[in-house]
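In what follows, a structure is listed as structure tokens, so that the remarks can point back to it.
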Amino acid sequence: MSITMQAIAILEALVILCLLLVITRRHQTAALVAGIGARPGAEPPTQTAQARHDAKRARRAWQATRAGRFDAPTRGASTEAGPDPRRSAAVSAQAGDNQLVSAAARSRYERMHPMQYVGVTHRHASGQIEALENSQSLPEHAYPRRDIERHFCEIVEFLPFAILLLDPGGLIKTVNPEITRLFGYERDELVSQRLTLLVPECGAGDDSSACAATRVSQRMESASPVPSSHELSARRKDGTEFRAEIGLNVFRFDEGATIVFIIDRTDQYELHRNRLDLAHLMRVSTMGQLASSLAHELNQPLTAILSNVQAAQRFMAADPIDLAEVREILNDIVQDDYRASEVIRRIRAVVKKGELEVAPLDLAGVIRDAVHLLRSDAIVRSTRVTLDLADDLPLVHADKVQLQQVMLNLLLNAFDAMNEIPPVDRAVLVTLRAAPHDSVCLAVSDKGHGLTSDKLDRIFKPFVTSKPHGLGLGLSISRTIIDMHHGRLWAENNRTRGATFYVTLPAGEAA
Amino acid sequence: MPVSDPQVFVVDDDESVCRALARLIRSAGYSVETLDCAAALRNRMSTISEPACVVLDVQLPDLSGLELQRELNTRLPIIFITGHGDITMSVDAMKAGATDFLPKPVCETVLLRSIAQALQRAEEAHAARSELDAIRLRVSRLTPREREVMELVVEGRLNKQVASELGTSEQTVKIHRARVMTKMEASSLAQLVRIADKCGLGMRGASPASR
């Protein structure tokens, strides 16, 4: 996310810079800016040097305000701050002692305030796009808009991330060097092409940029809470694809334009994939540990089926044949067969590998499935598992496999915690309740020795384990999973004995 | 004492396995009763009078089958069935006197053969127990003096020796001895000795060398 934040900061700085250009022009205080204005032809060397300088200053100013340094150079500003002290402060920090911050400047600032949206829109997590209709209301005698645009484009050249401008028809107007580096195209190859060339998911063919923007925003809105889905797939010239975060902002200059910034998310995506792989590995390893009890779970229905069939054979050989008994046997065989396939379904569900599938989910069902998988293991370890699940709870919005993994992990930990105590005392209680703020709370309590106070939080760190053969990854992965679902996982010692692990997850409307 | 039909108990916490095994055993002509936990079998124990055997799952939620075995092995022959038994477990079970230790899914012929074997053992034990009960009943009918006479006689003493040991006349000993033979339903001295042997009578006073 830090890249995005930086991008926001820089874009905001750009906006401020544009503002400043307008303001300083009005007050005739910035000679060099006036100099640029006097040469609309724009010769690169000095121009770009100037642009770089401006960008740097704007950035510094922005950083200063972000860091909360409102006082020193902005003494005058703090009272004048208006609706957005942060931005006013930025303006005054930039302006220094130029007495810029007057009531007049402030009102002008407010009039031009809509321009701020250039930098703001892409911060909406939902990807909401806001058109800047009001930017048309700039005073006519302000700095010529065309120049601002040109100046802006020059600054964009030096930004350390990929930005391109779309014209109102949705064709690429200009790209910065980062785009050419990222995608492997030459600048000329991209100009007048559609954005779909780079980001196929933006939609096909002949749409205007506004349509593309809407579509991207819809994509972002429909995205699940899981990080990967926030991103789209971008395609390089050589055909390889990478995950990228795309920001679109409709920006009205003369005829309107769209700024598109593209951030390479390959690293994040890789990280996310690695996390999923690791979680999957842990699930497979858990199933490995449980192999013998799972075999037993399968063996039970097989035993019943075999005995039933052999009994039926004997009944069939008798005279007269007890048809009622045989019919009952056949019924039982069908049931046991279903039961065996249900065991296999549960195992498959856990070891399944793939993308996250976030869907409305009944947490009680997940808990029951996990407890079923551990049934034999619990018997072998002489541990009783009691369920106390509230009915009619709102659904959570989550990936079933991952939640089941958390559940299995918490239950197995609870079993392990009681290895040292006498078998008669070994009991695990699983409760599921509604919790405040539209959430549900799951608790897994054991009757073991509990956790020392330093362990209560440390056990969630990777490679921290109290078991002789533990990897120390189970709880850390579980916490990552719950975090990903915007929930919370923590441990507390019970008042009497043992520890309880709690999971809260947003449910119903809040999910 | 009339011997009632042998009974097979099937103890498994898994309802469908329990039902299927019971059916299979019933199809072979045995009378079967199913129980779902160790505690239920424990409770039932006191009311079992007929020869019986138990088909028992090793892993029961309330008690391990091996623990239960310790409690009732002397009374009931046990056939263990297990879904995840290991060598150690089966050796322990067999050492402790299990009739058999069978993996699930259970082979029909092996199971039925084991049951037949177990029930035979149960019947023998049942018969022995019944006989012992009858002998004990007979012994309880003896007077203290008759009992003393019997103990000495089965140790091989002559009437004369018994008389001197008890401080009475040989004639009196003869009368006591005749009564003992009647009450113990023994037709010869050899039979009386066997009966005494079965109920452990006559051993208390005997020196190790004489045994």
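Quick caveat, the model's predicted, so the values are computed rather than measured. Reminder, nothing fancy here: chain letters follow the sequence lines and each chain counts from 1.
V17(B) and Q300(A) get closest at one heavy-atom pair: CG2-O, 3.3 Å.
Only the side chain of L306(A) comes within less than 4.5 Å of a heavy atom in chain B; its backbone stays farther off. I305(A) does not touch chain B: none of its heavy atoms, backbone or side chain, sits under 4.5 Å away. Looking at A28(B), both its backbone and its side chain come within 4.5 Å of chain A, counting heavy atoms on both sides. Only the side chain of R339(A) comes within contact range of chain B, with heavy atoms under 4.5 Å apart. Neither the backbone nor the side chain of R381(A) comes within contact range of chain B; no heavy atoms are under 4.5 Å apart.
Here the straight-line distance linking atom CD1 of I379(A) with atom CG of D13(B) works out to 4.5 Å at 0.5 Å rounding.
Ranked by non-hydrogen atom pairs under 4.5 Å with chain B, the options S293(A), P301(A), A304(A) are led by A304(A). Among D332(A), V309(A), L302(A), the residue making the largest number of heavy-atom pairs under 4.5 Å with chain B is D332(A). Counting heavy-atom pairs closer than 4.5 Å to chain B, the top residue among I333(A), D336(A), V424(A) is D336(A).
For E492(A), the CD atom counts as densely surrounded, since its 6.0 Å shell holds more than 12 non-hydrogen atoms of other residues, nucleotides or ligands. Residue-environment remark: CZ (R348(A)) stays at or below the threshold of 12 foreign heavy atoms within 6.0 Å. The local environment of CG in L137(B) is crowded, with over 12 non-hydrogen atoms from other residues, nucleotides or ligands closer than 6.0 Å.
No salt bridge links R19(B) with E328(A); every basic N to acidic carboxylate O contact stays at or beyond 4.0 Å. Residues R26(B) and D322(A) are not paired through a salt bridge, judged by the lack of any N-O separation under 4.0 Å between the basic side chain and the carboxylate.
Contact check for Q310(A) versus L111(B): no side-chain heavy atoms found under the 4.5 Å cut-off.
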